[in-house]
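The next block holds one structure in the form of structure tokens; read it before the comments.
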Amino acid sequence: MLTLTDKDFQRLYTYIKKNYGIDLSKKKQLIVSRLSNTLTAQGFKDFTAYVDHILSGRDSEMVTAMLNKLTTNYTYFLREEAHFKYLWDVVLPDLAKKHAKDKNLAIWSAGCSSGEEPYTISMYLKEYFGAQASQWDTRVLATDISQKILNSAITASYNEESMAALPATWKQKYFVKKGPDNYVVSPAIKQNVIFKTFNLMNPIAFKRKFDLIFCRNVMIYFDQDTKDALIQRFYNATVPGGHLFIGHSEGVSKTSCPYKYVQPAIYQRTEK
């Protein structure tokens, strides 16, 4: 295994935090263990040359590959089910009333990873609106910093394990079986998700503000200042009355959070 000097470690984690908000300042051993084989395979003899190459900014694909290695993209359908119960019981009835005329919802899955989250949201939307679903624009914006993981999400191919929490009827309705342990999301659900690459450290300047933002298990990699700044940007991009869902393992600052606390990991922008 290659050696990572303190100097190179500091250069690398400083670059990653500045550009991507991910705080790895206490993860030296993780960096070494997850990147050593990659460096060797790519012909780097030490971390110094690799860090030089990363910091040069000449190879965006290598930077993306590095971030994929250093952050865990583990997810599955219907993760943190309490969010979806609240979505069904409270958020969707409210949005159905608010948008009864324009029939146009704005929902964002920020840090969507391999697509399970936005596809789960889309299934709930199809179930809720039922026969009227075709009359509504319920398309979900799904973003991630990694084009590689988005390509996987667009392919929409999953195994039984990732689908275990879904109702059996949904597996039949919203998936096409392609093999013994391979299922592809149905066209109706795939077409309801718009995938885009986006760095959450960038200004949020989409055309519309959002009725609902999911950003779950993404901020676990951020320090408190970075989280506070991102939550403020989310708040500015949320319509009055709109909601933010975060991961249950993620905390927000009670003193600086502009949203109103609703219940664990669910926040609302109060009407103004």
Side-chain angles (χ1 to χ4, degrees), residues 17 20-24 26-27 30 67-68 70-95 106-125 127-128 140-146 149 153 158 161-167 170 193 198 200-201 204 210-235 237-238 241-270:
K17 185 175 185 301
Y20 304 101
I22 300 168
D23 185 4
L24 299 174
K26 298 179 181 179
K27 302 291 185 181
L30 178 143
L67 295 174
N68 287 339
L70 296 178
T71 58
T72 303
N73 288 308
Y74 175 69
T75 186
Y76 52 88
F77 288 94
L78 207 57
R79 186 179 186 181
E80 298 184 303
E81 191 171 353
H83 279 152
F84 293 99
K85 185 179 188 308
Y86 189 84
L87 174 69
W88 183 273
D89 292 343
V90 179
V91 176
L92 289 181
D94 178 60
L95 293 182
I107 300 174
W108 180 15
S109 171
C112 67
S113 188
S114 46
E116 288 89 340
E117 179 178 272
Y119 288 138
T120 300
I121 297 168
S122 293
M123 291 176 208
Y124 268 83
L125 291 165
E127 288 289 314
Y128 185 83
V140 177
L141 173 65
T143 67
D144 200 277
I145 196 171
S146 167
I149 202 68
Y158 303 97
E161 182 182 2
S162 70
M163 301 162 54
L166 289 174
W170 289 23
V193 182
F198 184 74
L200 289 172
M201 295 303 98
I204 298 171
F210 295 95
D211 298 300
L212 174 60
I213 298 175
F214 280 72
C215 186
R216 306 185 304 165
N217 305 297
V218 175
M219 293 186 288
I220 53 175
Y221 301 108
F222 300 165
D223 64 18
Q224 194 61 53
D225 288 344
T226 303
K227 283 194 287 187
D228 290 347
L230 177 58
I231 287 172
Q232 183 63 57
R233 292 198 297 278
F234 281 149
Y235 183 82
T238 305
H243 287 80
L244 170 69
F245 290 2
I246 66 172
H248 281 85
S249 62
E250 298 168 316
V252 303
S253 171
K254 293 181 180 179
T255 56
S256 63
C257 181
Y259 288 95
K260 181 184 75 172
Y261 172 85
V262 177
Q263 64 183 51
I266 296 178
Y267 297 82
Q268 184 176 29
R269 176 166 179 168
T270 53

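Numbering of residues begins at 1 and proceeds along the displayed sequence. The basis for the numbers below is simple: all heavy atoms, side chains too, and nothing from hydrogens, waters or symmetry mates.
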Query - F77 and Y119 aromatic ring geometry - parallel, tilted or perpendicular at 30°/60° bounds - result: parallel
**Report entry** Validation row: L70, I22 side chains within 4.5 angstrom (heavy atoms)
**Finding:** no
Report task. Considering non-hydrogen atoms only, spot the tightest contact between S122 and V140 and give its length. Result -> OG-CG2, 3.8 Å
Requested in this report: Indicate whether the side chain of D228 and that of S253 have a donor and an acceptor atom separated by less than 3.5 Å.
Outcome: no
Query raised in the report: Does C112 reach the side chain of F214, with side-chain heavy atoms less than 4.5 Å apart?
Result: no
Requested in this report: Decide yes or no for L200 and C215: does some side-chain heavy atom of the first lie under 4.5 Å from some side-chain heavy atom of the second?
Outcome: yes
Query raised in the report: Are any side-chain N or O atoms of Q232 and backbone N or O atoms of P258, one a donor and one an acceptor, separated by less than 3.5 Å?
Result: no
Report task. May I ask you to test the M163-W170 pair for a side-chain heavy-atom distance under 4.5 Å? Result -> no
Query raised in the report: Is there a donor-acceptor pair closer than 3.5 Å between any side-chain N or O of E81 and the backbone N or O of L78?
Result: no
Query raised in the report: Stepwise, does the side-chain contact (heavy atoms from CB on, under 4.5 Å) test hold for F234 with W108?
Result: CA-CA 10 Å; F234 281 149; W108 180 15; 3.6 Å; yes
Report task. Taking all non-hydrogen atoms of both residues into account, name the closest pair between A110 and E117 and its distance. Result -> N-OE2, 4.4 Å
Requested in this report: Starting from the C-alpha separation in whole Å, work towards a yes-or-no answer on side-chain contact (heavy atoms from CB on, under 4.5 Å) for L141 and F210.
Outcome: CA-CA 10 Å; L141 173 65; F210 295 95; 3.8 Å; yes
Requested in this report: I would like to know whether I145 and L67 meet side-chain contact (heavy atoms from CB on, under 4.5 Å); could you show each step before the answer?
Outcome: CA-CA 9 Å; I145 196 171; L67 295 174; 4.0 Å; yes
Query raised in the report: Would F222 and E250 satisfy side-chain contact (heavy atoms from CB on, under 4.5 Å), going step by step from the backbone distance to the final call?
Result: CA-CA 10 Å; F222 300 165; E250 298 168 316; over 6 Å; no
Query raised in the report: How about I231 and V252: do any of their side-chain heavy atoms sit closer than 4.5 Å?
Result: yes
Query raised in the report: Short question: side chain of E80, backbone of H248 - any donor-acceptor pair under 3.5 Å?
Result: yes
Requested in this report: Classify the angle between the aromatic ring planes of H83 and F245 as parallel (below 30°), tilted (30 to 60°) or perpendicular (above 60°).
Outcome: parallel
Query raised in the report: L125 versus L92: any side-chain heavy-atom pair under 4.5 Å?
Result: yes
Report summary line: In this structure, CG of L24 is separated from CG of D223 (nearest 0.5 Å) by 11.0 Å
Query raised in the report: Does any N or O in the side chain of H243 come within less than 3.5 Å of the main-chain N or O of L87, such that one atom is a donor and the other an acceptor?
Result: no
Query raised in the report: Do the side chains of M201 and R233 get nearer than 4.5 Å, heavy atoms only?
Result: yes
Requested in this report: Write down the atom of I149, the atom of S114, and the distance for their closest heavy-atom approach.
Outcome: CG1-N, 3.7 Å
Query - Side-chain donor-acceptor contact under 3.5 Å, E116 with T75 - result: no
**Report entry** Nearest-0.5 Å distance, OG1 of residue T226 to NZ of residue K17
**Finding:** 3.5 Å
Query raised in the report: Y235 ring centre to R269 NZ or CZ under 6.0 Å, with the angle to the axis within 45°?
Result: yes
Query raised in the report: So, the side chain of D211 versus the backbone of I107: is there a donor-acceptor pair under 3.5 Å, distance only?
Result: no
Query raised in the report: R216 side chain to A265 main-chain N or O, any donor-acceptor pair under 3.5 Å?
Result: no
